[in-house]
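Whatever order the structure lists them in is the order used to number ligands and atoms, beginning at 1. All residue numbers in this chain count up from 1 along the given sequence. Because the structure is predicted, anything quoted here is derived from the model rather than measured.
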Amino acid sequence: MVNNIGIVENCVGIIGTGSYLPERVLTNFDLEKMVDTSDSWIKERTGISERRIASEAQTSSDLAAKAAELALMDAGLKPEEIDLIIVATVTPDYYFPSTACLVQNRLQASNAAAFDISAACSGFIYALTIAWQHIKTGYYKNALVIGADALSKIADWEDRSTCVLFGDGAGAFVLGRVEEGGIMSTKMGSDGTGARHLTCPATYFGAEELEKRNGVKKATIWMNGQEVFKFAVNIMPHAFEKALEEAGIAAEQVDWFIPHQANLRIIEASAKKFKLPMDKFIVTLQKFGNTSASSIPIAVDECIRSGKVKRGDILAMAAFGAGLTWGSAVVRL
Ligand code: UT7
């Protein structure tokens, strides 16, 4: 296909998926022993029952590399055939080098350019968009897009309003050229006026500055849950709508909606907005909690492996997160 500025555009599809969840399960009942909370409160307000937590030695790059290996295997590609690795994460192992470079080294994907992007829970859609554009224009052939986060490392385990929400994990897509279908649209947006509602300050601040910025003397997650909730219930349907509009697809034509897995009530609000039954919406948060940038690729991979989602299905994905950011995509598998 030739676009309006004369560039031959390729169809770009998901040619492999993989995901990895750490072994350790932290249940709501475990959390009852750690903070003043209850299984019933967490389930009622969020839908979450349990989440996975990385071991002390496991970092985002470990989770990412495991998901990436599985995605490569699924795609039937050798690591050296990958031209680009993007890791979406807000819990990098280091300020630098990037988590993507650590993954590149682990995989021995020696021909790839590798970098991280930071857009919190929307990060995977941002990374998908960047990789899509590089392959679509012919600049690269194959890309590895990974969402990997270990929010347990930066959670405030004394703050019941946040620590019950998050889990750790990684999900990966291999993108490559396909004959038809593939990524039909993506959309991204940001609203920096809401930056203060969901934060984790850098670790180099002293205790006084941390307290000024975060309310506590720790470089941990802080969130105004109600403000983020308000943003989320408005932006999630908007994000789905924008990507569907761009793809020229009606909501009724979508086989599966894959929303960011933050809160069941937010997902239900989207289903209500589209007047669609909840069984069109993939929900994994009951077992994994909110795994940030990895929640969408984990959900997609799980559904492909279980046979629920099949080749040819149309998927609509939408995420929101700190920034505040949002992103969405429509893909024919
Ligand atoms: O990826 C993006 C990340 N963030 C989100 O998506 C978060 C969006 N926000 C939310 O999902 C919801 O706002 C929360 C789940 C965080 C909170 O639910 P809520 O219905 O908005 O609760 P709330 O903050 O209004 O708090 C209600 C009550 C408060 O007590 P009082 O003031 O009514 O006595 C809280 O102190 O619930 C209390 N509370 C808890 N109680 C038991 C807050 N957290 C807990 C807890 N266990 N874990």
Side-chain angles (χ1 to χ4, degrees), residues 26-51 88-91 118-127 147-152 154-171 188-192 194-200 215-216 220-239 258-270 281 283-286 288-299 317-328:
L26 184 72
T27 66
N28 291 350
F29 298 105
D30 296 328
L31 280 163
E32 285 180 353
K33 295 178 204 132
M34 296 163 65
V35 284
D36 180 13
T37 191
S38 64
D39 173 58
S40 60
W41 190 96
I42 303 171
K43 265 200 212 133
E44 256 167 51
R45 302 290 178 123
T46 71
I48 300 167
S49 293
E50 56 186 49
R51 69 288 290 143
T89 186
V90 286
T91 47
S118 169
C121 302
S122 312
F124 187 79
I125 300 288
Y126 277 54
D149 266 315
L151 290 191
S152 68
I154 56 166
D156 179 350
W157 289 101
E158 290 172 349
D159 176 10
R160 68 175 183 173
S161 70
T162 51
C163 74
V164 303
L165 305 173
F166 303 109
D168 303 337
M188 299 184 285
S190 306
D191 177 9
R196 68 190 183 284
H197 297 315
L198 182 46
T199 59
C200 180
V216 281
T220 50
I221 297 172
W222 183 89
M223 178 170 70
N224 181 339
Q226 290 182 355
E227 283 300 325
V228 178
F229 190 90
K230 271 193 258 168
F231 173 74
V233 290
N234 287 317
I235 212 70
M236 186 99 109
H238 173 79
I258 324 263
H260 171 48
Q261 305 288 314
N263 187 319
L264 189 60
R265 290 185 290 146
I266 296 171
I267 300 175
E268 285 168 347
S270 279
F281 287 73
V283 179
T284 60
L285 56 76
Q286 69 284 9
F288 304 140
N290 177 350
T291 59
S292 187
S294 69
S295 91
I296 287 180
I298 289 173
M317 311 170 203
F320 62 89
L324 297 169
T325 54
W326 62 269
S328 50

For residues 225-233, which side-chain donor-acceptor pairs fall under 3.5 Å, sequence neighbours excluded?
unit_1	atom_1	unit_2	atom_2	d
Glu227	OE2	Lys230	NZ	3.0

| Under the salt bridge (charged side-chain N to carboxylate O under 4.0 Å, His left out) test, residues paired with Asp159 that sit two or more places apart | none
| task | Kindly indicate whether the side chain of Phe288, heavy atoms from C-beta on, has any atom under 4.5 Å from the side chain of Ile298. | result | yes
As a test of reading the model: which N/O atoms of the protein lie under 3.5 Å from N/O atoms of ligand 1, and at what distance?
unit_1	atom_1	unit_2	atom_2	d
ligand 1	1 (O)	His260	NE2	2.9
ligand 1	1 (O)	Asn290	ND2	2.9
ligand 1	9 (N)	Gly225	O	3.0
ligand 1	11 (O)	Asn263	ND2	2.7
ligand 1	13 (O)	Gly225	O	3.2
ligand 1	18 (O)	Arg265	NH2	3.4
ligand 1	20 (O)	Arg45	NH1	2.8
ligand 1	20 (O)	Arg265	NH2	3.0
ligand 1	22 (O)	Arg45	NH1	3.4
ligand 1	25 (O)	Gln226	NE2	2.5
ligand 1	36 (O)	Arg160	NH2	2.9
ligand 1	37 (O)	Trp41	NE1	3.3
ligand 1	41 (N)	Trp41	NE1	3.4
ligand 1	41 (N)	Arg160	NH1	3.4
ligand 1	47 (N)	Thr37	OG1	2.6
ligand 1	48 (N)	Thr37	OG1	3.1
ligand 1	48 (N)	Arg160	O	2.9

| query | Any chance the rings of Trp326 and His238 have centres within less than 6.0 Å? | reply | yes
| said: I want to check something: taking the side chain as every heavy atom from C-beta on, are Ile48 and Lys43 in contact at a cut-off of under 4.5 Å? | reply: no
| field | Listed partners of Glu268 passing salt bridge (charged side-chain N to carboxylate O under 4.0 Å, His left out), at least two apart | value | none
